[in-house]
Amino acid sequence: MIHMGEVDKKTKVFLRESSGLVREVSPWSSMMATFALVTGGVPILIISWLWLAPGINWPLSYVITLVPTLSMAFLFYVAGVSMPRSGGDYVFNSRALHPAVGFINYFGLFIAFALSLGLYSYLGARWFAYLFSGLGMYYGSSSLLSLGDFFSSTVGSVVTGVAIVVTGALISFYTKALWKFVLLSGVISLVTTVAMFALLTTIHPTQFASSLSSFTGIQNAYHEVIANAEGNGLSFVPNPVLSAFLGIPVIWYFYTWYNLPASWSGEMKSVKKNVLYSVILAILLIGAYYVLFTQLNIDAFGEKFLTSWGYISCNGVSDPVYSSLSSISTFTPFFALITTGNVAMYLVMFIAFWLPNFYSNPPLVISLTRYMFAWSFDRIFPEWFADVNSKLHVPVKSTALVALLGVAGVLMYAFVPFISIVDVTVIFEVSYAVFAFSIALMPFLRKSLYEGTVPASVRRKFLGIPAVTWLGFLTFGFLVYALAITWGNPVLLPINFPTIASLAAIYGLGVLIYVGSYVSTKKKGIEPQLIFKEIPPE
């Protein structure tokens with residue numbers, strides 16, 4: 001029985017006795033959301049960035065990186081099932097070690113996600129540029145080429161990017177429709193992906209090489225691309241197996257974002273099953289997807305060619321073959337089109353590429369609002385961030401603010417070149433590492449909270465030490481290593497003033513917000529420490 005005094009105390013600490021949100025998210029919807037959040041926009045990066053570890057055994061590198069990824073995923077699983085609340089992984093992190101650590105850590109992640117909302121919406125237009133430019137070149141149609149030029153222009157990219165942000169935000173206002181939309185989109189993505197994989201198995205590099213020469217009118221075009229890239233500095237590793245670790249920085253980034261389901265765990269049906277599907281099983285599915293996508297493209301078009309093509313594309317190397325097809329960049333469905341002549345499958349492959357990039361936006365908007373919701377309940381953000389519309393059961397004001405952030409992100413990527421330098425890879429490495437370190441220490445520093453919230457089935461020990469401690473420290477060590485080999489990478493984390501300044505600004509702002517909220521809360525007569533000794537209400 002809860003006594004009135006306890007209710008009064010909790011009401012004073014938190015904004016109200018219930019969140020106002022509704023549990024209506026199914027496990028399969030969450031799983032499809034994770035698939036889109038993690039893989040959306042990545043296929044073209046996979047091809048573009050092969051040159052960062054040229055010639056390594058990529059499937060092996062994916063498997064190597066999958067092991068610590070699954071370890072990290074298990075830690076987020078623990079957070080999701082232990083504290084199923086809005087912003088559940090933040091809530092867990094802020095209680096596991098120290099509230100300042102939890103907030104500053106997740107504020108950095110929030111900025112990374114908010115920037116990504118703008119970036120991937122802005123780049124969403126590029127998919128249409130590739131689609132119509134490819135069709136225009138294939139059919140020799142100036143109208144289709146002009147359409148491709150529009151989507152690749154700044155105006156076209158901004159208009160399309162803003163439309164994608166606004167559409168995602170509008171969908172997220174209606175949560176029941178949102179999760180049905182996510183489930184249906186996920187099924188379509190998987191079906192079109194299977195069809196794409198089936199087509200790739202029918203293509204051989206010699207067949208593609210012949211088609212490339214025929215289409216471009218350049219004799220021996222395939223080998224010219226490779227020779228030109230190598231002549232301009234590209235060199236392949238001598239031992240693909242021993243050098244597989246070189247792929248860890250980019251592959252780690254390809255795997256990230258799987259923590260986001262914990263942010264809507266407060267609205268999940270069957271929480272334990274839901275978090276299992278959306279975090280653990282989803283990562284296994286994504287790992288298989290990445291291995292198959294990479295290997296099938298390599299088998300179809302040749303590893304040396306794809307690596308050289310990406311190298312030429314990213315480094316501005318002058319090449320006549322690439323110049324004649326530069327409007328499709330590293331969009332490999334076009335290679336399949338000129339090889340097979342199958343326009344229908346070209347469209348199917350476009351859907352397999354574009355749809356996850358598009359339907360990941362509404363779940364991302366949901367996630368960002370749920371973090372702000374949790375910060376408001378913890379009295380770090382103003383109270384209105386947690387206002388929930390009684391009819392929609394959605395924090396409308398927070399959702400509108402996230403949409404504005406997304407639009408601002410689109411405009412920044414379009415008109416402020418500096419923002420493109422701020423790569424978020426390191427923020428994910430740091431944030432995940434801090435989370436792993438926090439949960440590793442929790443059984444010792446927050447023993448009563450650990451034993452009172454973490455399910456008994458997860459609190460098992462090995463050699464007298466909790467399993468989460470073993471996994472936390474091992475994962476933390478891996479991420480420190482990953483950060484070390486990422487630091488100084490000219491693409492992922494260049495060492496220059498803009499990079500260092502942006503990281504200092506992001507985390508510095510987090511510190512200022514936390515300190516300001518701490519002082520403000522104490523002035524209201526509420527002890528901030530009391531907030532983080534309890535779990536927010538459902």
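In what follows, residues are counted from 1 in the order of the sequence shown.
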Enquirer: Checking Ser61 side chain against Ala244 main chain: does a donor-acceptor pair fall under 3.5 Å?
Expert: yes

Enquirer: Quick check, are the ring centers of Tyr371 and Phe110 under 6.0 angstrom apart?
Expert: no

Enquirer: What I want to check is whether the side chains of Asn315 and Asn232 have a donor and an acceptor closer together than 3.5 Å.
Expert: no

Enquirer: Kindly state whether the ring of Trp257 and the ring of Phe113 have centres lying under 6.0 angstrom apart.
Expert: yes

Enquirer: Hey, which of Ser367, Ser30, Ser278 is the one that makes side-chain hydrogen bond (donor to acceptor under 3.5 Å, both in side chains) with Trp264?
Expert: Ser30

Enquirer: For Leu260, which of Leu368, Val38, Leu364, Thr34 qualifies under side-chain contact (heavy atoms from CB on, under 4.5 Å)?
Expert: Leu364

Enquirer: State, with a plain yes or no, whether a side-chain heavy atom of Leu483 is found less than 4.5 Å away from one of Val430.
Expert: yes

Enquirer: Do Phe358 and Thr167 have side-chain heavy atoms sitting under 4.5 Å apart?
Expert: yes

Enquirer: Under 6.0 Å between the ring centres of Phe301 and Trp309?
Expert: no

Enquirer: Give the C-alpha distance, both sets of side-chain angles, the deciding distance and a yes or no for side-chain contact (heavy atoms from CB on, under 4.5 Å) between Phe334 and Met137.
Expert: CA-CA 10 Å; Phe334 180 76; Met137 286 189 289; 3.9 Å; yes

Enquirer: Find the distance between OG (Ser213) and CG (Asn220) and round it off to the nearest 0.5 Å.
Expert: 6.0 Å

Enquirer: Any side-chain heavy atom of Leu285 within less than 4.5 Å of one from Met31?
Expert: yes

Enquirer: Does some side-chain heavy atom of Phe132 sit less than 4.5 Å from a side-chain heavy atom of Leu145?
Expert: no

Enquirer: Show your reasoning for whether side-chain hydrogen bond (donor to acceptor under 3.5 Å, both in side chains) applies to Tyr322 and Ser313.
Expert: CA-CA 8 Å; Tyr322 182 84; Ser313 176; 3.0 Å; yes

Enquirer: Please answer whether the main-chain N or O of Phe150 pairs with a side-chain N or O of Ser153 as donor and acceptor at a distance below 3.5 Å.
Expert: yes

Enquirer: Judged by modelled atom types alone, do Ser121 and Asn361 share a side-chain donor-acceptor pair under 3.5 Å?
Expert: yes

Enquirer: Which atom names give the shortest non-hydrogen contact between Cys314 and Trp49, and what distance separates them?
Expert: SG-CD1, 4.4 Å

Enquirer: Hey, what do you get for CG (Leu147) to CZ (Phe128), rounding to the nearest 0.5 Å?
Expert: 10.0 Å

Enquirer: Could you tell me whether a side-chain N or O of Ser324 sits under 3.5 Å from a main-chain N or O of Val321, the two making a donor and an acceptor?
Expert: yes

Enquirer: Quick one, Val42 and Tyr290 - any side-chain contact, counting heavy atoms below 4.5 Å?
Expert: yes

Enquirer: Decide yes or no on side-chain contact (heavy atoms from CB on, under 4.5 Å) for Glu230 and Phe236, but give the supporting numbers first.
Expert: CA-CA 9 Å; Glu230 290 182 328; Phe236 292 83; 3.5 Å; yes

Enquirer: Using side chain to side chain donor-acceptor pair (under 3.5 Å) as the criterion, list what pairs up with Tyr120, not counting sequence neighbours.
Expert: Tyr253

Enquirer: Evaluate side-chain contact (heavy atoms from CB on, under 4.5 Å) for Asn297 paired with Leu200, printing each intermediate quantity in order.
Expert: CA-CA 7 Å; Asn297 273 278; Leu200 289 173; 3.8 Å; yes

Enquirer: Has the side chain of Ser243 got a donor or acceptor atom that lies under 3.5 Å from a matching backbone atom of Pro240?
Expert: no

Enquirer: Would you say the side chain of Pro261 lies within less than 4.5 Å of the side chain of Met268, judging by non-hydrogen atoms?
Expert: yes

Enquirer: Any chance you could measure Ile226, atom CD1, to Glu303, atom CD, to the nearest 0.5 Å?
Expert: 10.5 Å

Enquirer: From Ser71 OG over to Leu66 CG, what is the distance, rounded to the nearest 0.5 angstrom?
Expert: 11.0 Å

Enquirer: Can you name the side chain to side chain donor-acceptor pair (under 3.5 Å) partners of Tyr106, sequence neighbours left out?
Expert: Asp89

Enquirer: Which of these passes ring-ring contact (aromatic ring centres under 6.0 Å, His included) with Phe293: Phe353, Phe254, Tyr62?
Expert: Phe353

Enquirer: Is the backbone of Leu123 close enough, under 3.5 Å, to the side chain of Tyr413 for a donor and an acceptor to pair up by distance?
Expert: no

Enquirer: Do the two ring centres, one from Trp127 and one from Phe350, sit under 6.0 Å apart?
Expert: no

Enquirer: Hey, are the side chains of Leu242 and Ile56 touching, using non-hydrogen atoms and a 4.5 Å cut-off?
Expert: no

Enquirer: Do you know which two heavy atoms are closest between Ser185 and Leu355, and how far apart they sit?
Expert: O-CD2, 3.5 Å

Enquirer: Show your reasoning for whether side-chain contact (heavy atoms from CB on, under 4.5 Å) applies to Tyr130 and Phe151.
Expert: CA-CA 9 Å; Tyr130 302 146; Phe151 282 110; over 6 Å; no

Enquirer: Do you know which two heavy atoms are closest between Val182 and Ser29, and how far apart they sit?
Expert: CG1-O, 3.4 Å

Enquirer: So that I know where these two stand, are Trp179 and Trp28 an aromatic pair - ring centroids less than 6.0 Å apart?
Expert: no

Enquirer: Are Tyr507 and Phe107 near enough that their ring centres are under 6.0 Å apart?
Expert: no

Enquirer: Quick check against the 3.5 Å criterion: does Thr475 have a side-chain atom that pairs as donor or acceptor with the backbone of Gly472?
Expert: no

Enquirer: Do Met412 and Tyr122 come within less than 4.5 Å of each other through their side chains, counting heavy atoms only?
Expert: no

Enquirer: Taking the six-membered ring for Trp and the single ring otherwise, decide whether the centroids of Phe478 and Tyr432 are under 6.0 Å apart.
Expert: no

Enquirer: Return the minimal non-hydrogen interatomic distance between Gly406 and Leu117, and the atom names on each side.
Expert: CA-CD2, 3.7 Å

Enquirer: Give a yes or no on whether the ring-centroid distance for Tyr138 and Tyr346 is below 6.0 angstrom.
Expert: no

Enquirer: What do the steps show when you test Thr369 against Thr399 for side-chain hydrogen bond (donor to acceptor under 3.5 Å, both in side chains), and what is the final call?
Expert: CA-CA 6 Å; Thr369 62; Thr399 303; 4.6 Å; no

Enquirer: I need the Ile47 CD1 to Phe331 CZ distance, nearest 0.5 Å.
Expert: 11.5 Å

Enquirer: Counting the benzene-type ring for Trp, do Phe435 and Phe76 have ring centres under 6.0 Å apart?
Expert: yes

Enquirer: Please round to the nearest 0.5 Å and tell me the distance separating atom NZ of Lys304 and atom CG of Leu50.
Expert: 14.0 Å

Enquirer: Taking all non-hydrogen atoms of both residues into account, name the closest pair between Tyr255 and Gly287 and its distance.
Expert: OH-CA, 3.6 Å

Enquirer: Take Tyr289 and Phe35 through the ring pair (Phe, Tyr, Trp, His ring centres under 6.0 Å) test and state the conclusion after the steps.
Expert: CA-CA 10 Å; Tyr289 167 78; Phe35 179 81; 5.4 Å; yes

Enquirer: Is the side chain of Asn228 donor-acceptor paired with the backbone N or O of Ser318 at a distance under 3.5 Å, no angle test?
Expert: yes

Enquirer: Using atom types as modelled and distance alone, determine if a side-chain donor or acceptor of Tyr311 lies under 3.5 Å from a backbone N or O of Leu306.
Expert: no

Enquirer: What's the shortest heavy-atom distance between Ser133 and Ser327, and which atoms?
Expert: CB-OG, 3.6 Å

Enquirer: Would Phe208 and Phe215 count as a close aromatic pair, with their ring centres under 6.0 Å?
Expert: no

Enquirer: Are the side chain of Thr340 and the backbone of Asn342 linked by a donor-acceptor contact shorter than 3.5 Å?
Expert: yes

Enquirer: Just by modelled atom types, is the Phe335 backbone N or O under 3.5 Å from a matching donor or acceptor in the Thr332 side chain?
Expert: no

